Amino acid sequence: MAKYKRWFYFLFILLTIPAGLGTRIYASQIPMLVANYGGDVLYATFIFFAVRLLLIRYPLVKIGIISYLICITIETLQLYHAPWIELIRHTPPFGLILGYGFLWSDWICYLAGTLLGFFIAMLLEKKLFGIAESPGK
């Protein structure tokens, strides 16, 4: 069962990445709220799906907590500006992963994205796999 769940989460990761990038690429063609915050929300959703893929047997609540902590840790690390990490941040994949500048508003976006991933996972696992997890697990 875990093998099949991993494939679904891998598929969701593959769908989330272009959606998040699309909020940046097509920013002028989508609502300003989505253009400004959608990428950060989907970044956290991506992190949720990636953590779930790796820790498939963990309860969803723990996945959500771990995912959110990863997001805010990466965001907080943006306050660190040593020359070596600035060089890394300005290379294509790492700039997207590590970000460029700290914003408190991103913490709210990450919470929204983590909750989005959590609810998608709950629906997916309940509908497709017949798993109803209690929130306190």
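Heads up: numbering here begins at 1 and tracks the sequence. Because the structure is predicted, anything quoted here is derived from the model rather than measured.
Residues V41 and L123 fall into different hydrophobic clusters, defined by Ile, Leu, Val, Met, Phe, Trp and Tyr side chains chained together at heavy-atom separations under 4.5 Å. Linking ILVMFWY side-chain heavy atoms closer than 4.5 Å, directly or via other members, places V34 and L103 in two distinct hydrophobic clusters. Under the 4.5 Å side-chain contact rule for hydrophobic residues, I120 and I65 share a cluster. Transitive grouping of hydrophobic side chains (ILVMFWY, heavy atoms separated by less than 4.5 Å) brings L96 and L14 into a common cluster. Using a 4.5 Å cut-off between side-chain heavy atoms of Ile, Leu, Val, Met, Phe, Trp and Tyr, with links allowed through other members, I63 and L69 fall into the same hydrophobic cluster.
At least one donor-acceptor pair closer than 3.5 Å links the side chain of R52 to the backbone N or O of Y58.
Interatomic distance, F48 CZ to C71 SG, rounded to the nearest 0.5 Å: 11.0 Å. Rounded to the nearest 0.5 Å, atoms CD1 (I88) and CZ (F94) are 7.0 Å apart. A distance of 9.0 Å separates CG in L54 from CD1 in I56, rounded to the nearest 0.5 Å. How far CD1 of I66 is from OG1 of T114: 11.5 Å, rounded to the nearest 0.5 Å. Here the CG atom belonging to D40 is positioned 7.0 Å from the CD atom belonging to E75, to the nearest 0.5 angstrom. I74 CD1 to Q78 CD: the interatomic distance, rounded to the nearest 0.5 Å, is 8.5 Å.
When the ring-ring contact (aromatic ring centres under 6.0 Å, His included) test is applied to W104, the partners found at least two apart in sequence or on another chain are F102, W107. For F46, there are no ring-ring contact (aromatic ring centres under 6.0 Å, His included) partners at least two apart in sequence or on another chain. Judged as a ring-ring contact (aromatic ring centres under 6.0 Å, His included), and not counting sequence neighbours, the contacts of Y100 are H90.
Residue pairs meeting the salt bridge (Lys or Arg N to Asp or Glu O under 4.0 Å) criterion with at least one member in residues 90-119, sequence neighbours excluded, do not occur. Residue pairs meeting the ring pair (Phe, Tyr, Trp, His ring centres under 6.0 Å) criterion with at least one member in residues 15-44, sequence neighbours excluded, are Y43-Y110.
Residue L77 is found outside any hydrophobic cluster, as its side-chain heavy atoms come under 4.5 Å of no other Ile, Leu, Val, Met, Phe, Trp or Tyr.
Across all their heavy atoms, L60 and A121 have their closest contact at CD2-CB, 3.7 Å. Across all non-hydrogen atoms, the minimal contact from A27 to A35 is O-CB, 3.6 Å. Closest non-hydrogen pair, G20 versus T23, comes out as O-OG1, 2.6 Å. Taking all atoms of both residues into account, the shortest heavy-atom contact from Y9 to E125 is OH-OE2, 2.5 Å.
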Go through the steps to decide whether V61 and F118 satisfy the test side-chain contact (heavy atoms from CB on, under 4.5 Å), and finish with yes or no. CA-CA 8 Å; V61 170; F118 177 83; 4.0 Å; yes
